[in-house]
> 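Below you'll find the structure I mean.
Quantities reported herein were computed from a predicted structural model and do not represent experimental measurements.
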Protein chains: 2
Amino acid sequence: MPNSKSPNHQSAQPCSPQAQQSQVVDAQLFDNQVCFPLYSAANAVTRAYRPLLDAIDLTYLQYMVMMLLWQHKQMNVKELGEQMYLDSGTLTPLLKRLEAKGFVERRRSELDERVRLISITEAGLELKFKAQSVPGELACKADMSPEQAMELKRLCQTLLANLGS
Amino acid sequence: MPNSKSPNHQSAQPCSPQAQQSQVVDAQLFDNQVCFPLYSAANAVTRAYRPLLDAIDLTYLQYMVMMLLWQHKQMNVKELGEQMYLDSGTLTPLLKRLEAKGFVERRRSELDERVRLISITEAGLELKFKAQSVPGELACKADMSPEQAMELKRLCQTLLANLGS
DNA sequence: ATGATTTGAATTGTGCACAATTTAAATTGT
DNA sequence: ACAATTTAAATTGTGCACAATTCAAATCAT
């Protein structure tokens with residue numbers, strides 16, 4: 001067993017289908033889906049952020065990029081992609097839009113011409129203050145206990161890790 | 001208190017910011033976000049389904065629609081939208097694509113000409129058998145215990161309900 | 001009955017996601 | 001040194017999401 005990933009659970013139907021549960025669940029029934037509520041909740045979150053972020057002219061994803069840049073000041077596309085589980089196909093146009101709004105600067109690295117360095121601008125830094133109330137307002141809408149929120153986060157991170165890539 | 005929705009928790013920062021926690025968390029720090037892992041996990045799920053669904057020429061969302069139609073045989077756009085938390089702007093083109101593939105039929109209701117009835121075709125019904133292994137294969141990739149899966153689902157449904165609409 | 005309102009879908013336009021491909025620069029192997 | 005490979009971004013094309021608008025049919029109000 002040369003793998004650090006040990007658990008190997010089986011939920012609705014087992015991995016090797018020798019089945020025979022007393023509680024037979026129809027895994028092809030819409031209401032028995034686990035991931036669709038996840039999918040819908042993720043959409044609901046971006047919908048809930050939208051009116052809060054409209055005021056500072058950011059989408060939810062752009063807001064997440066800005067959050068990384070408030071912290072790191074400068075990152076390249078690969079680093080952003082690793083943090084956000086996104087590739088250049090998604091990030092390049094998004095970063096161009098942030099550049100057009102004046103919140104980031106996109107220039108080539110001088111050490112490695114392939115690398116595109118994304119750095120925050122003065123206007124981008126100011127956004128951090130304008131966005132101060134956003135987390136609290138969203139937490140209010142979401143109305144989850146800290147325990148529920150942490151558990152949700154933990155489970156999502158586990159799933160994300162298990163699904164790999 | 002004329003509201004059935006009672007809890008009103010406050011997580012990262014309280015709704016009315018009179019703050020002062022011993023454990024001060026910076027809600028503007030990327031790593032402290034609760035919803036971004038949710039967002040990333042949802043993307044990872046559709047990514048994980050993709051190779052499984054390619055064989056039957058369905059996207060994840062199309063697969064969810066087919067699941068509803070395997071059960072109900074016929075639904076209108078509004079009913080689909082209520083189940084899936086999506087509107088006609090998303091569903092109409094998706095249903096046209098399913099129609100083009102021959103998995104559903106789209107016709108007007110004769111009782112109410114505004115209503116578009118979506119009914120499953122023979123080919124659409126056959127998909128249910130071809131897709132039999134999909135839930136098990138995904139469960140295997142996800143590798144969550146039944147308890148974890150149920151808890152994740154429950155938390156997502158709570159969040160979805162709290163965020164409303 | 002008919003004008004006003006409401007309702008169910010469709011349309012339009014913007015912004016993700018992401019597979020697949022392309023481009024150019026850096027690195028590796030001999 | 002330089003051909004082959006690898007790597008970082010960008011590009012292309014398809015399919016969601018969703019706000020906003022439009023359109024037509026049904027319902028309501030007088």
> Taking side-chain hydrogen bond (donor to acceptor under 3.5 Å, both in side chains) as the definition, give me every residue that meets it alongside B:Ser109, ordered by chain and number, with sequence neighbours left out.
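B:Ser109 satisfies side-chain hydrogen bond (donor to acceptor under 3.5 Å, both in side chains) with no other residue.
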> Does B:Arg97 make a side-chain N or O approach to OP1 or OP2 of D:dC16 shorter than 4.0 Å?
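Answer yes for this pair, as a side-chain N or O of B:Arg97 is under 4.0 Å from OP1 or OP2.
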> Only pairs under 3.5 Å count here: list side-chain donor-acceptor contacts from residues 123-135 of chain A, not counting sequence neighbours, and write none if there are none.
| unit_1 | atom_1 | unit_2 | atom_2 | d |
| --- | --- | --- | --- | --- |
| A:Ser133 | OG | A:Glu137 | OE2 | 2.7 |

> Tell me, please, which residues at least two apart from B:Asp31 pass salt bridge (charged side-chain N to carboxylate O under 4.0 Å, His left out).
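In terms of salt bridge (charged side-chain N to carboxylate O under 4.0 Å, His left out), with neighbours along the sequence ignored, B:Asp31 is linked to no residue.
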> Select base, sugar-phosphate, or nothing to describe what B:Leu94 touches, counting heavy atoms under 4.0 Å on all strands.
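Since only primed, P, OP1 and OP2 atoms lie under 4.0 Å of B:Leu94, the category is sugar-phosphate.
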> Residues from residues 49-72 of chain B sitting under 4.0 Å of DNA chain C, heavy atoms only?
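Close to the strand are B:Arg50.
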> Which nucleotide in the set C:dT11, D:dA10, D:dA26 lies at the smallest distance from any side-chain heavy atom of B:Thr92?
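The nucleotide sitting nearest to the side chain is C:dT11.
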> Please state how far atom CZ in A:Arg47 lies from atom C1' in C:dC16, giving the value in whole angstrom units.
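In whole Å, C:dC16 C1' and A:Arg47 CZ are 15 Å from each other.
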> A:Val115: which other cluster members, linking ILVMFWY side chains closer than 4.5 Å, directly or transitively?
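A:Val115 clusters with A:Leu117.
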> Between C:dA25 atom P and A:Leu111 atom CG, what is the distance in whole Å?
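After rounding, the reported distance stands at 15 Å.
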> Extract from the structure each pairing of a protein N or O with an N or O of nucleotides 4-8 of chain C at less than 3.5 Å, listing the distance.
| unit_1 | atom_1 | unit_2 | atom_2 | d |
| --- | --- | --- | --- | --- |
| C:dT7 | O2 | B:Arg114 | NH1 | 2.9 |
| C:dG8 | OP1 | B:Lys78 | NZ | 3.1 |

> Would one find a side-chain N or O of A:Lys96 under 4.0 angstrom from OP1 or OP2 of D:dT11?
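Checking D:dT11 against A:Lys96, a side-chain N or O does come within under 4.0 Å of OP1 or OP2.
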> List, by chain and number, the other hydrophobic cluster members for B:Leu111, where Ile, Leu, Val, Met, Phe, Trp and Tyr join if side-chain heavy atoms come within less than 4.5 Å, directly or indirectly.
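Result for B:Leu111 is none, singleton.
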> What is the distance, rounded to the nearest whole Å, between atom CG of A:Leu86 and atom P of D:dA8?
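It works out to 17 Å between those atoms.
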> Only distances under 3.5 Å count here; give the side-chain donor-acceptor pairs of residues 96-104 of chain B to other protein atoms, sequence neighbours excluded, each with its distance to 0.1 Å.
| unit_1 | atom_1 | unit_2 | atom_2 | d |
| --- | --- | --- | --- | --- |
| B:Glu99 | OE1 | B:Arg106 | NH1 | 3.3 |
| B:Lys101 | NZ | B:Asp57 | O | 2.9 |
| B:Lys101 | NZ | B:Gln62 | OE1 | 2.8 |

> Output all residues satisfying salt bridge (charged side-chain N to carboxylate O under 4.0 Å, His left out) with A:Arg154, sequence neighbours left out; order by chain, then residue number.
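In terms of salt bridge (charged side-chain N to carboxylate O under 4.0 Å, His left out), with neighbours along the sequence ignored, A:Arg154 is linked to A:Glu151.
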> Checking base pairs now: Watson-Crick or wobble, both atom distances under 3.5 Å. What partners C:dT30?
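Paired with C:dT30, as far as the under-3.5 Å criterion goes, is D:dA1.
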